[in-house]
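Sequential numbering from 1 along the given sequence is applied to the chain's residues. Because only heavy atoms are used, hydrogens play no part in the values below, and waters and symmetry mates are left out as well, while side chains stay in.
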Amino acid sequence: MYDPLIDNATASGDAYPDSYWTESLKAAPKFPSLQQDESYDVVIIGAGFTGMACARYLSANSNLNIALIDANQPGWGCSGRNAGFILPGSGRLDYTSLSAKYGQAQAATTLDEYYQAIDTLQELKEYAGAQCDVSSGGYLKIGHSQQAFERLRSASEQLPDAYKSQYKVVSAEEIRTRFIPDYPSFGGVFRTAGQALNPLKLSVAIAQRLAKDGIPIYADSAIEAILANNDGYQLETPQGVLQAKKVVMASNAYSLKSLLPGLTEKQFPVLSSVLVTTPLPESIAKQWRAHLMAMDTRSLKYYFRLLDDNRILFGGRGAVTGADANTQASQKKLKAAFDRYFPALTTLSTERFWSGWISVSADDIPHALESEQHPGIYYATGYCGSGLSFSCQAGKRLADMICKPESALNSPVYQKQIPAFPFSSMRRTGLTLFYAWHRILEHITMKGGQK
């Protein structure tokens with residue numbers, strides 16, 4: 001699998017992964033590649049949710065001549081590989097942590113953006129007329145320890161009044177009897193408004209609508225270099241050259257390491273892997289809350305949802321390198337985690353398994369910015385594995401920065417430059433040690449720590 005920290009060329013022309021979402025596509029459209037040199041006001045690199053949202057709002061709010069380009073087909077990257085959770089958040093800092101770090105005013109603005117992101121996703125869905133299997137089972141965040149549960153409770157109580165009413169604190173007993181049968185926990189917080197969808201269906205639908213509206217989408221066309229010139233930037237591909245006055249990098253964790261000097265040290269591509277099981281027996285499935293999405297508070301970030309056909313989608317942090325992403329060993333490791341979480345369901349087998357890159361920022365928040373070192377190049381990154389809705393918002397705000405830069409919001413997401421990771425060359429060594437240590441802790445706590 002393509003590895004953005006190792007490979008010197010982006011994977012290009014690859015088929016969609018063999019995922020549950022790909023299986024649901026009756027016929028994926030094939031967008032053409034770049035055939036000749038072209039010139040545009042704005043070229044957007046990456047036809048995922050960030051890039052396509054940027055294209056949509058640039059088109060709606062300006063007369064700029066724009067184009068999208070992707071090394072593969074639209075939605076090939078994380079936009080079409082994620083679990084489909086529609087959540088009001090991104091990064092790894094909750095409202096309490098944002099307030100402590102940036103002050104209440106900036107925290108409130110950032111939180112508003114996270115919730116508005118869901119509205120933006122809905123706008124894009126309606127714009128595309130997407131039929132993407134939306135389900136409404138709510139989202140449950142589960143405390144794996146008493147301390148973790150108390151943090152969840154406190155965080156929900158400290159939310160602004162506008163959002164607090166969306167959450168309900170639930171006991172360990174309620175989780176076992178109303179949400180997930182016999183699931184051990186210390187309690188959690190439930191958001192009743194939580195929804196989920198098929199992200200690849202949504203990606204393809206948006207791409208088709210953009211193309212219908214006359215916005216070129218050049219697929220299977222990898223950008224090999226970005227060169228500054230008197231007219232802006234020259235984007236080189238094997239098929240031809242794109243000249244652009246402005247460039248938007250919307251490739252997130254999949255960005256080629258050499259494409260924008262300095263960015264690689266500021267965002268860390270981390271693998272997330274997903275499996276889908278065989279269906280639950282009907283007698284067990286009816287004991288679950290229908291369409292439930294859930295995640296617990298462990299550091300290894302396992303998440304799961306009950307799909308429409310009673311299969312369980314289960315995901316978590318995967319291998320460390322692209323070479324190990326889709327191996328049998330990685331699949332077995334994730335299934336072993338599933339079995340620890342659901343010991344009564346070990347007879348379920350794995351029907352689908354796939355992996356994708358997410359981007360982690362050094363300061364644990366997403367960023368959508370104009371590059372200080374390269375004026376006229378804009379980018380968004382650092383969603384930390386929670387980017388389905390916010391990637392749409394980031395794309396919308398990147399369009400605002402180009403069309404109406406005076407409208408920039410007072411949030412660190414849009415105002416603060418991303419710090420570089422200290423000892424960035426050692427990130428993967430640190431990640432390997434982090435995984436090993438927390439898997440030991442997971443074994444210990446799951447043996448005797450839960451109710």
### W76/Y254 aromatic ring centres below 6.0 Å
yes
### Query
For N229, does the CG atom sit with more than 12 other heavy atoms under 6.0 Å from it, leaving out its own atoms?
yes
### Task
Please collect all salt bridge (Lys or Arg N to Asp or Glu O under 4.0 Å) contacts where either partner lies in residues 31-53, sequence neighbours excluded, each pair once.
D41-K245
#### Entry: Nearest non-hydrogen partners of I45 and V247, listed with the distance
CD1-CG1, 3.8 Å
### Query
Hey, would you say the Y341 and F314 ring centroids sit under 6.0 Å apart?
yes
### Message
Looking at every non-hydrogen atom in both residues, tell me the closest pair between S361 and C384 and how far apart they are.
### Response
N-SG, 3.9 Å
#### Entry: Validation row: F49, L202 side chains within 4.5 angstrom (heavy atoms)
yes
### Donor-acceptor side-chain pairing of D324 and S330 below 3.5 angstrom
no
#### Entry: Any side-chain donor near an acceptor of the partner, E123 and Y57, under 3.5 Å
yes
### Task
For A250 and I44, work out which heavy atoms get closest and say how close.
CB-CG2, 4.2 Å
### Other residues, nucleotides, ligands: >12 heavy atoms within 6.0 Å of K335 NZ
yes
### Query
Hey, is K141 close enough to D94 for a salt bridge, meaning N to O under 4.0 Å?
no
### Task
Applying salt bridge (Lys or Arg N to Asp or Glu O under 4.0 Å), run through K396 and D119 and close with a yes or a no.
CA-CA 12 Å; K396 180 178 183 179; D119 296 332; over 6 Å; no
#### Entry: Nearest heavy-atom neighbours spanning S359 and N252
CB-OD1, 3.1 Å
#### Entry: For T110, the option from S411, S90, S99 that meets side-chain hydrogen bond (donor to acceptor under 3.5 Å, both in side chains)
S411
### Query
Which atom pair, heavy atoms only, marks the closest approach of V241 to L34?
N-CD2, 4.3 Å
### Task
Determine, using ring centers only, whether Y114 and F390 are less than 6.0 Å apart.
yes
### Message
Distance alone, cut at 3.5 Å: any donor-acceptor contact between the side chains of S156 and Y163?
### Response
no
